[in-house]
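One structure is given here, and the rest of the page talks about it.
Nothing here was measured: the structure is a model prediction, and the numbers come from that model. Letters A, B, ... are given to chains in the order of the sequence lines, protein chains preceding strands, and every chain is numbered from 1.
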Number of protein chains: 2
Amino acid sequence: MVTIASWNINSVRLRMPLVERLLREEAPDVLCLQEIKTVAELFPAAELAALGYEHQVVHGQKGYHGVATVSRIPLREVSRHDWQDNGEARHVGVELLGPQGQGMVVENVYVPAGGDIPDRTQNVKFGQKLDFLERMTRWADTVDRPTLIVGDFNIAPLESDVWSHKQLLKVVSHTPVEVEALARFQDAHGWADLGRQHIAAPQRYYSWWSYRSANWQTNDRGRRLDHMWASPELAAQATAHRVLEPARAWDRPSDHVPLVTEFTL
Amino acid sequence: MVTIASWNINSVRLRMPLVERLLREEAPDVLCLQEIKTVAELFPAAELAALGYEHQVVHGQKGYHGVATVSRIPLREVSRHDWQDNGEARHVGVELLGPQGQGMVVENVYVPAGGDIPDRTQNVKFGQKLDFLERMTRWADTVDRPTLIVGDFNIAPLESDVWSHKQLLKVVSHTPVEVEALARFQDAHGWADLGRQHIAAPQRYYSWWSYRSANWQTNDRGRRLDHMWASPELAAQATAHRVLEPARAWDRPSDHVPLVTEFTL
DNA sequence: GTCTATATAG
DNA sequence: CTATATAGAC
């Protein structure tokens with residue numbers, strides 16, 4: 001069995017106590033982090049190694065974005081895509097090497113948030129987000145081996161992925177143009193949405209609650225921005241999937257919670 | 001008996017836990033704070049009142065400087081001198097009104113640091129510091145009732161007020177021109193230096209250790225920048241004086257430690 | 001080194 | 001609201 005987790009940590013240095021808690025409580029074999037907000041030199045490599053996650057690939061940048069995949073299973077970096085072509089660190093791909101993971105490819109991605117206005121002409125960031133998705137779709141066309149892609153997609157595609165479909169139709173992350181772009185990406189490889197494979201729509205499923213909303217626990221204005229998607233042949237081996245909602249209430253939390261999937265490989 | 005404390009707190013909002021600890025451990029009747037670094041609206045008035053310090057005068061400003069005097073004894077504000085004439089909040093004077101303090105005047109002052117270069121022509125801040133002291137001296141000429149002046153004077157006048165007289169002769173805070181300006185201020189009213197009245201030179205007496213010096217506890221490169229000076233008739237009633245050095249090692253400390261003096265009034 | 005303010009991002 | 005980076009102050 002192999003367990004893989006994904007978490008937008010919103011500064012890994014600030015939240016190492018939370019990362020440690022996740023690793024102790026869930027003990028995933030692989031953890032994919034997004035928004036590490038640090039360069040590789042300042043990544044808490046030693047602490048993670050001490051916790052058993054000695055295999056690490058870090059694609060960081062100063063202050064913003066940045067992704068890292070750490071593992072108890074040996075792995076090697078196989079790609080670093082820059083789907084925006086602007087130097088931002090938003091993806092790293094690895095291949096698991098151990099007797100367990102055996103050749104499985106894990107793509108760790110942090111899709112751009114896309115700014116506030118859902119219009120290419122008024123908001124360049126929105127255009128960049130769509131461009132990112134389009135280039136990622138072209139890449140997906142070429143994927144020819146069992147692959148898992150996880151991370152913060154910054155899009156909640158389904159109605160039950162948001163607290164109010166109607167009120168979020170014009171809010172970046174849930175607009176039809178984004179949902180359609182994500183659907184094209186999904187179709188390009190036939191990705192299986194593992195989250196919804198285990199927690200089927202229209203069940204409530206959120207992975208992110210804004211810091212700005214005060215009583216987030218009561219109001220529950222969440223969105224499912226984080227995903228774990230698998231090649232069809234891999235999806236059949238995903239035996240369990242958890243959304244660690246309690247992590248949103250941990251001390252000084254990330255605004256995202258971890259997702260965990262178990263595979264029988 | 002009346003106990004009066006003075007402390008450059010270097011942001012009162014950030015260090016309220018330390019202020020609370022001081023108030024619980026020393027229980028002074030009056031606490032004079034410097035460098036509160038906040039406007040009066042954001043001063044932690046309610047917390048201090050809850051600790052028994054319900055009488056408060058706050059002369060704050062946004063981000064920089066700012067002084068406040070809080071007390072268990074009733075008091076009234078009697079002055080707010082702007083000895084630099086630039087709008088900075090560096091002084092507030094109060095009169096104690098209770099049956100204990102009875103008419104004692106407490107002047108709370110934060111003398112400008114003065115920049116790095118001890119030369120008026122090269123460094124305007126150094127000139128402003130000297131101007132401040134000169135105007136404060138003209139004011140001292142007029143003091144005609146028992147007065148205590150406390151605060152961060154930003155000058156260490158004696159050789160034993162610094163870790164190395166020789167190495168600090170050209171360092172702002174211990175230059176002869178500053179020491180002479182402070183001596184003129186002292187002579188203008190005949191202020192008694194209560195610190196040195198109780199811990200006589202050449203004994204070591206420091207109230208400040210720079211954040212920048214790494215092993216400040218071992219190297220002990222301190223300076224006596226904080227003072228409590230009294231009118232001659234009041235000085236005779238100062239029965240005890242303490243320098244709370246341990247406070248420099250408290251969690252997330254100020255770079256200054258509190259001074260406490262007890263009076264039999 | 002440790003603060004505050006500001007700008008930018010999410 | 002919660003982050004990071006930077007500048008200025010001490």
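Between B:Trp191 and B:Phe185, a ring centre-to-centre spacing shorter than 6.0 Å is recorded.
Residues of residues 5-17 of chain B having a heavy atom closer than 4.0 Å to DNA chain C, listed by number: B:Ser11, B:Leu14, B:Arg15. DNA chain C lies under 4.0 Å from at least one heavy atom of each of the following residues of residues 82-90 of chain A: A:Arg90.
The CH2 atom of B:Trp229 sits 12.0 Å away from atom CG of B:Leu148, with the distance rounded to the nearest 0.5 Å. With rounding to the nearest 0.5 angstrom, the OH atom of A:Tyr110 is 9.0 Å from the CD atom of A:Glu88.
In this structure, B:Arg252 does not reach the C:dG1 phosphate: none of its side-chain N or O atoms is under 4.0 Å from OP1 or OP2. At the phosphate of C:dT2, neither OP1 nor OP2 sits under 4.0 Å from any side-chain N or O atom of B:Lys37.
For A:Tyr64, whose side chain is taken as the heavy atoms from C-beta onward, the closest listed nucleotide among C:dG10, C:dC3, C:dA9 is C:dA9.
Nucleic acid contact for B:His65: sugar-phosphate only, since backbone atoms but no base atoms lie under 4.0 Å from a heavy atom of the residue.
Taking the ring axis of B:Trp163 as reference, the NZ or CZ atom of B:Arg221 stays within 45° of it and closer than 6.0 Å to the ring centre.
With 3.5 Å as the limit, one finds no donor-acceptor pair spanning the side chains of A:Asn219 and A:Ser213.
Chain B approaches DNA chain D over the interval D:dA9 to D:dC10, counting the first and last nucleotide 5' to 3' with an atom under 4.0 Å from its heavy atoms.
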